[in-house]
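Just below is one structure, and these are the notes that go with it.
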Amino acid sequence: MSIHVRNFIAGSWVESRDGRTFVSLNPADTRKTIATVSLSQKEDVDRAVFAARQAFHGWRLTPAPRRGEILYRAGELLIGKKNRLGELVTSEMGKVLPEGLGDVQEAIDMAFFMAGEGRRLYGETAPSELPDKDCKTVREPIGVMALVTPWNFPIAIPAWKIFAALICGNTVVLKPSSLTPACAAALVEVMEEAGLPAGVLNMVCGPGEEIGEYLATHADIDAVSFTGSCDAGERLEGLLGGMHRPVAAEMGGKNAIIIMDDADLSLALEGVLWGGFGTSGQRCTAASRIVVHENIYEPFIEKLRVASQKLRLGGGLRNETHVGPVVSEQQLKKIMEYIEIGIVEGAQLVTGGNRFTDGDCAYGYFIEPTIFAGVEPGMRIAREEIFGPVVSILKSSCLDEAISIVNGVPFGLSASIYSRNVNVTARAERDLQTGLVYINASTIGAEIQLPFGGWKHSGSGHPEAGGKGGALDFYSRIKVIYRDFSGKLQKAQIDK
Ligand code: UN1
């Protein structure tokens with residue numbers, strides 16, 4: 001049974017202006033429609049932004065701990081609905097059910113974390129250089145925020161952004177990916193049920209290039225947070241930079257695992273399978289390059305080949321499935337093109353490389369877990385984000401070479417190293433140029449209480465998640481307050 005997703009504007013679920021709709025499909029079986037969705041027009045975006053503006057004043061003045069109580073209730077509601085929402089994530093996006101449940105869990109974690117931030121939102125005090133005067137900083141909301149979110153974490157990423165924006169006192173217009181609108185709507189429903197006042201959170205749906213961009217550049221938006229492709233993110237950065245509008249953009253990755261010759265190879269193998277093929281490789285943090293020490297290069301590839309060939313493809317709701325579909329026909333085509341590019345570039349195809357169409361998989365977008373060996377750092381499959389179940393293996397002779405391979409791409413989101421030598425891992429910690437570094441763990445699995453953000457072309461430098469030093473620094477702005485209670489004119493820098 002398909003769901004009908006309407007726009008959510010000023011506290012009501014409404015059809016779009018002209019009643020047009022689009023559908024979201026189950027990528028494991030495209031005969032199944034997940035949702036029929038109201039396709040927003042520019043007028044709908046205008047109304048949503050207006051509603052958010054109207055609600056801003058009241059929400060800004062609601063004490064942050066009270067705002068936090070609503071997030072706390074949302075967290076509790078999400079716990080109650082976790083199984084149903086996890087299944088919805090799996091059905092609409094494709095990731096296997098344990099990961100669908102993890103997606104919801106990440107939203108639950110963020111709800112409680114940000115609810116707690118409502119009782120902190122700390123500023124600072126500093127002594128004044130003058131007598132009878134004090135100085136402090138306070139955090140204030142920015143205003144109406146446009147949040148544009150991707151399909152790969154269809155509940156978690158909207159939750160990261162919405163909860164951070166709301167706790168700081170901003171109001172929101174959300175534009176989720178057109179591939180996963182039902183997941184976003186389910187999260188918005190939870191916020192409604194948790195008692196969020198009308199207009200504080202609004203949702204519109206439609207293509208990013210049209211509706212997403214119209215929203216982000218709307219005259220009455222104060223700041224934008226975007227997660228998605230590099231092309232779209234950099235385009236927004238350009239447009240919004242020219243408008244003097246703050247934008248946090250979380251974009252691609254070309255994440256790498258270094259495996260040294262003293263590593264626990266079974267552990268490293270599990271890390272490669274999980275990071276490379278978990279979520280069918282569709283995480284910004286997915287491990288798409290494996291840099292293996294020459295002393296263990298051949299045996300490691302053989303182990304990986306055998307283990308990868310045991311992974312079972314199928315619908316994510318089935319217990320026995322390890323790897324689900326990719327999200328859409330467009331992604332499937334792009335990934336298959338990259339496999340072709342790898343072959344033409346002369347990389348050695350160790351396993352996989354094909355679309356998988358056995359049985360019911362014929363109706364979905366399945367790609368075999370694919371491994372290329374003999375990959376050179378200059379090849380496109382070693383430099384460009386593929387966002388699918390494709391892993392490239394490169395050889396290195398020492399730590400320095402491995403680190404320079406990892407650092408030698410325009411991206412800088414996540415990297416990891418497997419080694420039992422603490423001096424080696426410490427040097428990697430220091431020298432890897434990525435926002436996230438994992439030691440003896442894969443490139444995926446960031447926790448919400450810490451900042452999450454890419455360096456270089458992976459991000460704009462404003463991390464998601466985490467509190468002070470993380471998301472709060474983007475979703476609020478600092479005001480400095482000087483209070484002079486001397487009753488006379490005092491001159492900073494001049495009076496002694
Ligand atoms: C993403 O890949 O877009 O660290 C987000 C992880 C998850 C979040 C990933 N907690 O893999």
Side-chain angles (χ1 to χ4, degrees), residues 1-27 29-55 88-89 91-94 144-152 154-155 157-158 161-162 171-192 198-221 224 226-229 231-232 235-236 239 327-333 363 365:
M1 203 190 62
S2 130
I3 304 164
H4 187 37
V5 173
R6 294 179 178 83
N7 292 183
F8 188 63
I9 298 175
S12 304
W13 293 94
V14 291
E15 302 291 348
S16 61
R17 194 62 150 225
D18 66 359
R20 277 201 291 159
T21 58
F22 64 98
V23 293
S24 83
L25 300 177
N26 180 335
D29 184 345
T30 56
R31 294 170 300 180
K32 296 182 183 148
T33 298
I34 301 299
T36 307
V37 189
S38 293
L39 173 63
S40 307
Q41 308 301 303
K42 289 181 176 167
E43 293 85 342
D44 301 307
V45 176
D46 293 341
R47 285 163 53 215
V49 173
F50 181 74
R53 176 63 60 197
Q54 295 286 99
L88 179 63
V89 169
S91 307
E92 194 174 44
M93 180 276 166
V144 178
M145 299 194 76
L147 308 181
V148 181
T149 56
W151 46 263
N152 67 334
I155 293 204
I157 293 183
K161 294 183 194 291
I162 291 169
T171 57
V172 168
V173 180
L174 171 70
K175 204 300 284 177
S177 164
S178 299
L179 294 169
T180 52
C183 291
L187 179 65
V188 172
E189 270 168 17
V190 164
M191 299 312 294
E192 184 187 11
V200 170
L201 171 64
N202 306 273
M203 183 180 83
V204 293
C205 292
E209 314 83 68
E210 230 175 277
I211 291 305
E213 194 165 308
Y214 181 74
L215 169 65
T217 56
H218 194 285
D220 209 20
I221 288 289
V224 178
F226 166 86
T227 299
S229 73
D231 287 350
R235 184 175 157 78
L236 279 183
L239 290 169
V327 74
S328 67
E329 188 167 1
Q330 195 188 350
Q331 286 301 115
L332 179 112
K333 278 196 183 134
Y363 300 102
Y365 306 123

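This is a predicted model, so every value here is computed, not measured.
Note that CG of Leu174 and CD1 of Ile162 are 4.5 Å apart. Values are rounded to the nearest 0.5 Å. Once rounded to the nearest 0.5 Å, the distance linking CG of Asn152 with CE of Met93 reads 6.0 Å. Leu215 contributes atom CG, which lies 10.0 Å from atom CG of Asp46 (distance to the nearest 0.5 angstrom). The line from CG of Leu187 to OG1 of Thr180 is 11.0 Å long, rounded to the nearest 0.5 Å. With rounding to the nearest 0.5 Å, the separation of CD1 in Ile221 from CE in Met145 is 9.0 Å. Remark: Ser91 OG to Lys32 NZ distance equals 8.0 Å, nearest 0.5 Å.
Side chain to side chain, Glu189 and Trp13 fail the donor-acceptor criterion of an N or O pair below 3.5 Å. Looking only at atom types and distance, the side chain of Asn7 has no donor-acceptor partner in the side chain of Ser38 under 3.5 Å away. Side-chain polar atoms of Ser24 and Glu92 form a donor-acceptor pair below 3.5 angstrom.
Side chain of Asn202 to backbone of Ala10: a donor-acceptor contact under 3.5 angstrom is found. A donor-acceptor distance shorter than 3.5 angstrom exists from the side chain of Ser178 to the backbone of Gly206, with no hydrogens or angles considered. Glu209 contributes no side-chain N or O that, together with a main-chain N or O of Pro207, makes up a donor-acceptor pair within less than 3.5 Å. Although no hydrogens or angles enter the test, the distance criterion places a donor-acceptor pair under 3.5 Å between the side chain of Ser328 and the main chain of Gln331. Within the 3.5 Å criterion, the main-chain N or O of Thr149 finds no donor-acceptor partner in the side chain of Thr227. Judged by distance alone, with hydrogens and angles left aside, the side-chain atoms of Arg47 form no donor-acceptor pair with the main-chain N or O of Ile9 at under 3.5 Å. Looking at Ser177, its side chain does come within 3.5 Å of a backbone N or O of Leu179 through a donor-acceptor pair. Between the Thr30 side chain and the Tyr363 main chain, a donor and an acceptor come within less than 3.5 Å of each other.
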One pair to check against side-chain contact (heavy atoms from CB on, under 4.5 Å): Thr21 and Val37. What are the steps and the verdict? CA-CA 5 Å; Thr21 58; Val37 189; 5.9 Å; no
Test Val188 against Leu201 for side-chain contact (heavy atoms from CB on, under 4.5 Å), laying out the working first. CA-CA 8 Å; Val188 172; Leu201 171 64; 4.1 Å; yes
Stepwise side-chain contact (heavy atoms from CB on, under 4.5 Å) check, Leu88 with Ile34: CA-CA 9 Å; Leu88 179 63; Ile34 301 299; 4.1 Å; yes
Test side-chain contact (heavy atoms from CB on, under 4.5 Å) applied to Ile211 and Val45, step by step: CA-CA 8 Å; Ile211 291 305; Val45 176; 3.9 Å; yes
Might you work through the side chain to side chain donor-acceptor pair (under 3.5 Å) test for Asp29 and Tyr365, ending with a clear yes or no? CA-CA 8 Å; Asp29 184 345; Tyr365 306 123; over 6 Å; no
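Side-chain contact check for Pro176 versus Pro154: every heavy-atom pair is 4.5 Å or farther apart. Using a 4.5 Å cut-off on side-chain heavy atoms (C-beta onward), Arg20 and Gln41 make contact. You'll find the side chain of Cys205 reaches within 4.5 Å of the side chain of Phe22, heavy atoms only.
Summarising the geometry of Ala182 relative to Ile3, their closest heavy-atom pair is CB-CD1, 4.1 Å, with the distance given to 0.1 Å. Across all non-hydrogen atoms, the minimal contact from Tyr214 to Lys42 is CE2-O, 3.5 Å. Summarising the geometry of Ala198 relative to Gly11, their closest heavy-atom pair is CB-CA, 3.8 Å, with the distance given to 0.1 Å. Between Val5 and Ala185, the shortest heavy-atom contact is CG1-CB, 3.7 Å. Here the closest non-hydrogen pair linking Gly199 and Thr171 is O-CB, 4.3 Å.
Heavy-atom neighbours of Gln330 CD from other residues, nucleotides or ligands within 6.0 Å: at or below the threshold of 12.
Ion pairing of Arg17 with Asp44 is absent here, as no side-chain N (NZ or NE/NH1/NH2) approaches a carboxylate O to less than 4.0 Å. At a threshold of 4.0 Å, the pair Glu213-Arg235 counts as salt-bridged, since one of the basic side-chain nitrogens sits closer than that to a carboxylate oxygen.
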